[in-house]
2 protein chains.
Amino acid sequence: MYTIGQVAELFHLPISTLRYYDKEGLFPCLERQSGIRKFSERELEALRVIECLKRSGLEIKDIKQFMAWCLEGPSTYPDRKAMFEARKQALEEELQQMQKTLDMLRFKCWYYETAMQDGNEDRLNAMLPDHLPPEIQTLYDNAHA
Amino acid sequence: MYTIGQVAELFHLPISTLRYYDKEGLFPCLERQSGIRKFSERELEALRVIECLKRSGLEIKDIKQFMAWCLEGPSTYPDRKAMFEARKQALEEELQQMQKTLDMLRFKCWYYETAMQDGNEDRLNAMLPDHLPPEIQTLYDNAHA
DNA sequence: GTAACACCTGAACCTGACTTTATGTCAAGG
DNA sequence: CCTTGACATAAAGTCAGGTTCAGGTGTTAC
């Protein structure tokens, strides 16, 4: 059993956030002793799942839905699986987009490195868009694909 | 020369967003004819850069700073490069985190697939945390690394 | 027994990036 | 001439995800 302050420290979260999660129904089984929240292993596990779902882009209300499904038992396995599948696909697409953005950023770093050496962008502008050094061309093309 | 409506269509952005960007100073050279915004090639190029910087996680006010540097000339090449370097590093770290999250999601998909087959989580709970099938164990470990 | 401290509540406030609303100007078409 | 449609403005509203605050309670330490 942990107090809210101990859990906050364990998870490096502000106490206010834990209270907010509770208010939003993310700890449906949370118990209290004379008003004071008592966090058990069940809530810690919930918190681990919450962190994962949050990172994967879910909103609080969707996480609440997931918690509700968990309470409901095995009949909701398909819902829970569908939710994770959907998130997985969304994240995979986001990852692809990020790779493109990253190539763009790498290109821009090279661009300004070169501009600094030249003192201007004249030579660079003459090279664009298809007379760049080979590996830079790849970055540029990836970023615009 | 384009009207705000044409640009909105070209970039699949609401008109209100373009006006908001203008209000925030993202088009420092934008001209007007009797009050009406006239978007030229310069603003389209700015918009392409804005989209990239936004995807890379920059806030509007930082993008505004970048636009100001571009106006200022070659003396700000180092600032612009530093900005892209910082974004590049941040995005690379974020990408790593996302890979971990993705492994967690893949694990959860397998978990609920298995739970559905079993009709309960008893066997799964007995396998956790270190008696999982080999490739699933890898996902699990990566996600918690 | 009283001070210090962690806890409680509910409500108001905050930030970023828009979006909506209310109101107004202006040129072209029926 | 008047309506329609695209443009303009300022100001307020929205949304997620918290944070802060005022005012009160409970337990522990001396």
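Protein chains get the first letters and strands the later ones, always in sequence-line order, with residue 1 at the start of each.
Note on ring orientation: taking the six-membered ring where Trp is involved, the planes of Tyr77(B) and Tyr112(A) are tilted (angle from 30° to 60°).
Under the 4.5 Å side-chain heavy-atom criterion for Ile, Leu, Val, Met, Phe, Trp and Tyr, Leu13(B) and Ile4(B) are members of the same hydrophobic cluster.
Between the side chain of Thr76(A) and the backbone N or O of Glu72(A), no donor-acceptor pair lies under 3.5 Å.
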Sequence-aligned protein contact record of nucleotides 5-18 of chain C, with B where the base is within under 4.0 Å of a protein heavy atom and S where only the sugar-phosphate is
--SSB------SBB

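A donor-acceptor contact closer than 3.5 angstrom is absent between the side chains of Asp103(B) and Gln99(B).
One interatomic measurement links the two molecules: CG of Leu18(B) to C1' of dA8(D), which rounds to 14 Å at whole-angstrom precision.
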Where do Phe27(B) and Phe39(B) land on the ring-ring contact (aromatic ring centres under 6.0 Å, His included) test, with the steps shown first?
CA-CA 9 Å; Phe27(B) 306 121; Phe39(B) 290 76; 5.6 Å; yes

